[in-house]
Amino acid sequence: MSVGTSGTPGAQDARRLPAPRGAGDTSGGVVAPDELPDGLVIADEHGSVVCFNAAAARITAVPADRALGRPLEAVLPLEDLEGRRWWQLTDPYGGLAIRTGQPERNLLLPGGREVLVSARYVRDRPTGEVRRVVVSLRDTEARRRTERSHAELIATVAHELRSPLTSVKGFTATLLAKWERFTDDQKRLMLETVDADADRVTRLIAELLDISRIDSGRLEVRRQLVDIAAAVSRHVQAYVAAGQPADRFLVRTEQPLPELWADPDKIDQVLSNLIENAVRHGEGTVTIDITPAASLREGEHAAGTEHTATSVTVSDEGPGIPEESMSRVFTRFWRGSKRGGTGLGLYIVKGIVEAHGGTITVGRAPGGGAQFRFTLPVGTPAHLL
């Protein structure tokens with residue numbers, strides 16, 4: 001490759017690229033390279049860099065003014081994962097004349113930073129001389145975060161499944177081998193443990209299915225008319241029946257509430273998770289406020305405005321959530337304490353609320369504990385109008 005200069009005609013032509021036009025595009029505009037989300041590097045027929053956009057400068061840590069006019073292989077000294085120099089290996093200008101480019105692959109910049117690189121060779125005619133080499137660069141950090149998240153999910157699932165399945169296997173094997181040696185009470189205790197562990201596995205599998213649907217945007221919402229106050233009451237009564245003191249819960253409902261069309265099973269899942277968190281991790285009174293709202297903005301409404309949303313706020317009087325942790329509350333694997341849980345519940349809650357077109361926030365309650373508020377739009381679904 002010979003060295004060109006940034007003042008060549010090709011350099012000026014490559015600074016602004018024609019916008020791809022669709023059938024309905026009448027704008028006739030252009031797209032500036034710096035507006036592209038991926039790194040763009042273009043070299044002319046001499047191998048000199050004539051375009052180096054802002055994303056390429058960010059990814060490579062090379063300023064554009066230092067890249068323009070220099071040889072492509074000097075600006076992008078790429079190596080493959082085996083340490084071979086990429087441009088010497090592919091030889092875009094002197095290689096096979098029928099080659100049109102290179103598919104995307106992982107390559108290394110100096111210092112070992114990994115990037116995704118693809119290239120296209122532009123020719124005036126098939127098998128003609130290469131007039132431009134267009135290189136696309138992508139940072140791998142986002143992909144690596146996704147891969148780490150998937151790996152963490154697999155590790156969490158494996159860990160959470162191992163304990164109940166080991167218990168189920170142990171008790172069933174023992175009962176099958178020594179059934180006659182146990183009393184009826186002992187058998188009942190073992191079977192109740194197996195039943196509880198099977199429920200735990202079922203819940204974990206349901207969580208995984210929910211996460212899969214949320215991540216792929218396929219979480220289905222079956223809207224019905226929901227009495228949110230009655231739903232909250234059912235959950236509170238269940239906790240009281242399970243041994244929680246009745247005076248630990250305070251439910252306040254502001255009437256009249258607008259009609260709420262939502263998926264009752266999924267709303268129950270949201271309420272169950274938020275109230276369980278308040279009971280398990282909080283202290284003192286668990287307060288649940290159900291109020292109409294004029295908009296989705298923080299569940300607030302002004303007097304005299306039409307109610308277009310319903311808000312449910314769950315507060316406790318415990319230590320609350322540290323300020324530095326609030327931004328991570330709705331992410332996968334976040335745990336407010338070491339007292340059990342997979343750390344997936346609030347991630348699923350947020351996905352369910354947003355699938356309904358709602359919002360959810362976390363903050364500090366007036367009593368100092370954690371406060372979760374979710375707000376759902378109301379009104380009859382379009383298909384029922």
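Nothing fancy with the numbering, it's 1 onward along the sequence. Below, all heavy atoms of this structure are taken into account, side chains as well, without hydrogens, waters or symmetry copies.
Grouping the Ile, Leu, Val, Met, Phe, Trp and Tyr side chains by contacts below 4.5 angstrom, directly or via other members, places Val168 with Met190.
Side chain of Gln371 to main chain of Gly363: no donor-acceptor pair is present (N/O by atom type, distance under 3.5 Å, no hydrogens or angles). Arg123 places a side-chain N or O within 3.5 Å of a backbone atom of Arg99 that can act as its donor or acceptor partner. The closest donor-acceptor contact from the side chain of Thr202 to the backbone of Ala198 lies under 3.5 Å. Without hydrogens or angle criteria, Arg120 side chain to Thr100 main chain gives no donor-acceptor distance under 3.5 Å. With Asp34 contributing its side chain and Ala54 its backbone, the two residues share a donor-acceptor pair below 3.5 Å. Here the side chain of Lys350 pairs no donor or acceptor atom with the backbone of Thr331 at under 3.5 angstrom. A donor-acceptor pair is defined here as one N or O able to donate and one able to accept, closer than 3.5 Å; no such pair exists between the side chain of Arg113 and the backbone of Thr60. In this structure, Thr193 contributes its side chain and Leu189 its backbone to a donor-acceptor pair below 3.5 Å. Looking only at distances, a side-chain donor or acceptor of Thr140 sits under 3.5 Å from a matching main-chain atom of Glu114. No side-chain donor-acceptor contact under 3.5 Å links Asp38 to the backbone of Ser136.
For the atom pair OG1 (Thr174) and NZ (Lys169), the distance works out to 10.0 Å, reported to the nearest 0.5 Å. Going from atom NZ of Lys187 over to atom CZ of Arg181 covers 12.5 Å, rounded to the nearest 0.5 Å. To the nearest 0.5 angstrom, Ile352 atom CD1 is 10.0 Å from Phe374 atom CZ. Ile205 contributes atom CD1, which lies 12.0 Å from atom CG of Asp210 (distance to the nearest 0.5 angstrom).
Put simply, the side chain of Leu76 reaches to within 4.5 Å of the side chain of Leu137, judged on heavy atoms. With a 4.5 Å cut-off on side-chain heavy atoms, Gln102 and Trp86 count as touching.
Note on Arg252 versus Asp289: salt bridge recorded, some NZ/NE/NH1/NH2 to OD/OE distance being below 4.0 Å.
Minimum interatomic distance between Tyr347 and Phe330 (heavy atoms only, all atoms of both residues): CD1-O, 3.4 Å.
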